[in-house]
Amino acid sequence: MLTLEKLSAGYGRMRILHEVDLHVGAGELVALVGANGAGKTTALRSICGQLAPHSGRIVFDGADTAGRRPDMLVRDGLVHVPEDRALFGTLTVEENLRMGAWTASAGDTTTRLDQVYELFPILAERRGQVAQTFSGGQQQMLAIGRALMAGPRLLLLDEPSTGLSPKLTWTMLDAVREVRDTGVSVLLVEQNAKQALAIADRAYVMESGSVVLSGGGGELADDERVRKAYLGL
Amino acid sequence: MTDTAVESRPPTRPAGPAAPPLRPQNRQFAVLAVLVLLAVPLPLILPPAQGAVAVRILIFLIMAVGWNIMSGFGGMFSFGHAAYFGLGAYTSAYLLVEHGVSPWVGMAAGMVVAAAVAMVIGYFSFRYDLKGAYFALATFAFAEMLRLITTSSDAVNGAVGYQVPLIQGSSVGQLQFPAGSPAYFWIALVLAGGAVALSILFRHSAAGRYVVAIRDDELAAASVGAPVMRHKLLTVALSGAITAVAGAFYTQYYLFIDPQLAFGSSVSIEAIVTAVIGGIGTIWGPVVGAVIVGSLSDVTATLLATPPEFLSFLQGRSGLDVILYAVMLILIVRLMPKGIFGTLAEKVAERRRR
Amino acid sequence: MSVLELSGVDKKFRGLHALSDVEMSVSEGEIVGVIGPNGAGKTTLFNVICGALKPDAGSVHFDGSDVTGRKPEKIARRGMVRTFQLMRPFASMTVAENVSLAAQHHTRGPERLRERAMEVVERVGLTEWAHRRATELPTAGLKRLELARALAARPRVLLLDEVLAGLLPAEREPVLDLLAELRQQDGTTLVFIEHIMAAVMRLSDRVLVMDQGAVLATGTPDEVTADPRVIDAYLGEEPTPHADA
Amino acid sequence: MTATIDSDAPETRAPSATVAVLKRAGVVGALVAVAIAVALIQSGSGIVVWQSVVTGLLTGGLYGLIAMGLTLIFGVLDIVNFAHGAMLAVAMFLSFGVVAVTGLHPYLTMLVTVPALFLVGALVHRGLLSGAGGATLENQLLITLGLSLLLENGLLLFLGAEPKNVTLPGETHLDVFGAVVSGSRLYAFLGAVALGLVLYWMLQHTRLGTAIRAVASNSPGAELVGINVRRIHTLTFAIGAACAGAAAALAVPLLSVTPTLGEQFNITAFVVVVLGGMGNVVGALVGGLLIGLVEQLTTIYLDGQSSLLGVFVVFVLVLFLRPQGLFGRRT
Amino acid sequence: GCGGSAPSGAAGDAAGSGDGPVRIGALHPVSGSMAVDGLQMRRGAQLAVEQINDSGGIASLGGREVRLATADTQGKPEIGQSEAQRLISDGAVGLIGTYQSSVSSNVAVVAERNEVPFVMDVTASDEIFQHGYRYSFRVQPGSAKISESAAEYLEQVSEQAGKPAERVAVLHEHTDFGTGAADAFETAAEKLGMEVGPRISYDATTASDFTSQITQVKASGADVLVVAGYYGDSLLIAQAVDAVKPDLDAVWGVSNGAYDQPKFVSDAGELGDRYFSTNYHFDAQNPETRRLREEYRQRFGAPMRTGAVLSYDAVQAIAAGVEEAGSTDPAAVRNGIARAEIDPLTVGDGPVRFGPDGENVNSAAVLMQIQNGRVKQVYPPEKAESDPDYSVAW
Ligand SMILES: Nc1ncnc2c1ncn2[C@@H]1O[C@H](COP(=O)(O)OP(=O)(O)OP(=O)(O)O)[C@@H](O)[C@H]1O
Ligand SMILES: Nc1ncnc2c1ncn2[C@@H]1O[C@H](COP(=O)(O)OP(=O)(O)OP(=O)(O)O)[C@@H](O)[C@H]1O
Ligand SMILES: [Mg+2]
Ligand SMILES: [Mg+2]
């Protein structure tokens, strides 16, 4: 579904990622963990087309994404939930969700809206509320809901548990798993390594812009080096 | 489980460039001196009509230097510099016509008044944290208020404005010379040179460095001890004072001032256009801009008044010169988004780096 | 004697309680680590201390005098200087100019100023970059620049916001050494926010743990890392098996 | 965003926003009432003040009408479009031309001016304002300024400066409790209200409108849901220009059509935009009415002063007290 | 050639020594908001030059031709000043212009310092003539003169109609032009025993509706409304008068930019009927004027305005000055102009003759009224095409 080949990227001349190789298979939930500033977000930004790579290739669904803007990639089914959620703060919940389905037909919009409301009932309850008055956790749900509205085939999630209480974190990660179970591939960036690894099929560990470890989710969770890389313990 | 060795970042430490001179202003002063010296014989060479254009260029230059200090170095985009220009013009005209005060004293008084008003406007705008387009519109509103108030205020002759009385012969003290006298150009040259010198001095002073840092990042500057409000006020005061010089000299050269000429929005626009075309936030941008903008309208007018053969169909079509001017304006901005000097300087710097 | 003292500090952003009733006291020459989950309010705390934000309630005392709500530049000039988590270089200036700007309020004359700046630049290891534009620096360089700029302002209390984040383990060492040396040689008091626990453990005399805008715990590094509340809120524990996992 | 959120705040905040707007509207209304009362004392003639109020509101409608396109552009694109007045002039000439050639009813010329200006707007945005050259405030200012000079003098060059006038067929005057209201002004006012409502409806209830608001609210976010942000920008600019087209057809019976007529409205329109809150079309309408009133009352308060003085004083006060405008949100 | 190739040195050299055409400089705003009038005036001057050449050029110089050197002031004083300088250094023996008082003020100074005569065609401000300039002349009556005539005519016409004006409301634009006219009118009217009030000023650049001002006039019970304004605002005022229908005996333009224009008649239609205007005006009784205006209409497809006729007269004045002086030395031309007498195509009390202050001693204002869709001269009787109809249309 998604393959990064020796991807280097960064901001301006500043290079953050160094020759990253990474793969997400169809229907796979892959976790990407690493410390603050390791470059996880930068990797996601490059994949979704916000950031032009310095070198290397990003192949999505068999095609190189070079030169494609995020809105084009959304049409192909690659949807990114950014770290800052990028919600439309002045729009209502329902408007946010409907905007999520910008590329979809009217019929799809209605069915997906129902699905999202079923997944996050709180959103249905608050459908008329303006997004910027939402709490952090609610905003995070809305962001994921909005992404699902586009009917993604590959979902990039950047720290969806940020700002969530432990309980909500589990709800969230459960939801992510449910999404995966419907056949959507997921690339999940989480600082919350422990929990991310628990649900992931496979995982990569990143440090200072490079992938330093990879393997099955469970395997990595037991790895001493992962504990060290993540918590510094 | 795959395992990759921990890679460290490749060492990308180039040998740094050499230290810049300790006093970069020295070179700029040298360039300024050369420019001034080159300009001195101009009024003797140029035909009188072009001599007048040259003086106009110098007035634009002073205005643009003033604007650039506040909006270029300081990043506070003023759309109301007519206020300071007008205060300079009116203060000197008022003192001269109503009280017979020498225009030189009037000029100094105008600088003080303009600086004070700039600080008041600035204080309120900064206090209420107006930024970007809002700050620009606020400065515009103040300039317009001054225009409207002078227009209806009998104390300064209302809409009629002031006409500077003609004297016989020439007098440096009265700042008046026969028509076409090179003295006007020379005095303007000294004033403009002084303005540029001030802007060089300011840019490299401790205050100037603070101001640039505040423009780049206000909070970061404050966090290392830059007194923000004080330096912003200092900047607008200096900017206002320099612009007032242009206003006072304008009055003495053109011998006539009215509210529209002094405080009209076209004055503010001229200051902006000149500085932006030249290169905002640079020492030489306003200089380059003044030469280009100041002569642009003359060139287009001359071209259209007596067009070359293949353009003869243009002769006498009104509005065409302004259209030409507008097209050039848009082209320059589109092609050189950092102004003529700014863009060229960047290109040179880039080439040097390679 | 405590050089920095916070009592009852409260800060709200609209409905968001970013700091609630924070008490904190730092003694002269002490090194205090501040940890806590993302969004716990650590940076906000620094912002309040240094005058970038006015607290809604409570007071900040520096060196015995009340500096609550004073302007950032006043506080900086008195000797309490901070760095920024999201680096904020002066984009139009070179590295050396960035640093000398911070030194210019206590240094006269361009030669002295340049010497000062170059000393500091050297100290953080940016000598090769001294005369390049600050924006050309890589992340690690920018972090160093943040540190250098703060040092150049001659701090007595230095507040560091994640200066190690983004540095390779190898790159962290000299910075840690520098910080230790600062206290030793100059007697600087350090308060630092950090997620890299190894550094927190090694450097701090005392650790302050924040969560949801409040102080969750304080103590020595060992005490804190053993505190179940801290493990629960920040460090995390062994994965708990989930319902259907 | 972890820290505590007051648990029931979200529910209460949505309605409280409307309450706040209503409260603000109340304050504004009260201030206006006081201003009118003072004017009454000052002038001593009820009918004069009443006529001023009516005239102020009618002229205000015209200002609101002209400001609507501007506020859309300002709010979504952050572009201070100095060429808006010139585009209005272009549209007025077009309207005049259509009336002169075909004898169409002036209001029907909207069928021509709106699409034409839409096209002009799209071309201007694509050609001049998008991309790096049009990125900074000062560059936008110079480009739109150059454009306004270009349009004004283009009109002058090809159509001459002779003022052109269009009369409304069947112009009437109504008597509203003693105040005189001319039909054309009333229709323009109603047109402004209608256009405001149409725009409001478009922005609030259509897919495109929601997308425009989405782009204004968070353009990276909009890109991430598949919206072509640049296209929306161009579209918004074009719609803003088309509003000038609509305004032109409504205002053409009221004004002498000259190449420079836009200058007169540019500044007032900017004041109205800031007053109403950027991007807020209904705010623009309200702001317009307010400015219309302020102008009229200024002439009563300050005899011999330009009515603009009052406008600027109000403008500066609003900027200081509420930089986000009367009905805008602070970002 | 262009300015750049003009010879340097004292102004007048080129003209004095050359034997090419005699250059007369014409400065008008042919771009910007005043462009219509500017263009009209430039063409008027052009027609004068052609007329002079057709009738044999300057006789005292052996039939040398005259040429018009034109310049666009853009309505800006500083452009006007540098353009004036350019024309002078290109060898102009005299200048005409400039329509706007602020531009004329600047050009007058340039003329004075270069010692080149400057004959103003349209320039309302009287201020310029208070400095004792030797080289400034003006063909049109000054603002004060027009206003005084307006008051006088008002008194006489209203008296004759049996409805003597007692209370006069004044509506004027708020800059130099309108305020000056209103001030002078007020002084003169009060001297004649009329009461002036209310006086209402407005900003012509922003005003777009005058209903409340006219309501104020209506409420005041004034019986005459004096309007001193430009074209657009005066038209709006007429529309407001039509809407409010105040109880007036007459609407009385003073130096008004609209009420004596054929264009106003077509733009305002019925509303403008019976409006009065006191202003300088082309002499509708003079067959020469008729011929000229006819030619203008044929050549340029628009009616010739008074401003253009004044420019025609101004060029004639300079040509007469050259003729009189027999020289192209500007200083000599100046003296020639001061001595010359020219038959004007504008209304006057006699030939154009300049007094020591530079003003045309025989300039005069005439009262016009819109009657049956035409602008007619109605007062004083010796200039009248028909009798004034002291009444209103509504
Ligand atoms: N817009 C930007 N411009 C310049 N540098 C940036 C920008 N965004 C991020 N960086 C830098 O790139 C580096 C990697 O950042 P990135 O956000 O990818 O890390 P991350 O692994 O997602 O960290 P976190 O866990 O804190 O989200 C950081 O050092 C950061 O400072
Ligand atoms: N200016 C502001 N306006 C509104 N909310 C803010 C503002 N600054 C911070 N916040 C919010 O306050 C909370 C605390 O933020 P703060 O930056 O202090 O966290 P932190 O502890 O430094 O987190 P991190 O470890 O991610 O840096 C966050 O929810 C943040 O979104
Ligand atoms: Mg991240
Ligand atoms: Mg932080």
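In what follows, chains carry the letters A, B, and so on, assigned in the order in which the sequence lines appear, proteins first and then strands, with residues in each chain numbered from 1.
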Centroid separation B:Phe73 to B:Trp67 less than 6.0 Å: no
Geometric class of the B:Tyr84/B:His81 ring pair [parallel <30°, tilted 30-60°, perpendicular >60°]: perpendicular
Residue, of C:Ala152, C:Cys50, C:Pro155, C:Ala102, that accumulates the most heavy atom pairs under 4.5 Å with chain B: C:Ala102
Top contributor to chain B contacts, counting heavy-atom pairs under 4.5 Å, from C:Arg82, C:Glu111, C:Arg78: C:Glu111
Atom group of B:Ala213 that falls short of 4.5 Å from chain C, counting heavy atoms: both
Interchain contact, C:Arg88 with chain B, by part (heavy-atom threshold 4.5 Å): both
Region of C:Leu113 in contact with chain B, defined by heavy-atom distances below 4.5 Å: side chain
Which of C:Arg77, C:Lys71, C:Gln104, C:Met93 touches chain B most, by non-hydrogen pairs under 4.5 Å: C:Gln104
Aromatic B:Phe29 / basic B:Arg23 pairing, under 6.0 angstrom, 45° off normal: no
Basic-acidic side-chain contact under 4.0 Å: C:Asp186, C:Arg156: no
Geometric cation-pi criterion, B:Arg127 with B:Tyr123: 6.0 Å, 45°: no
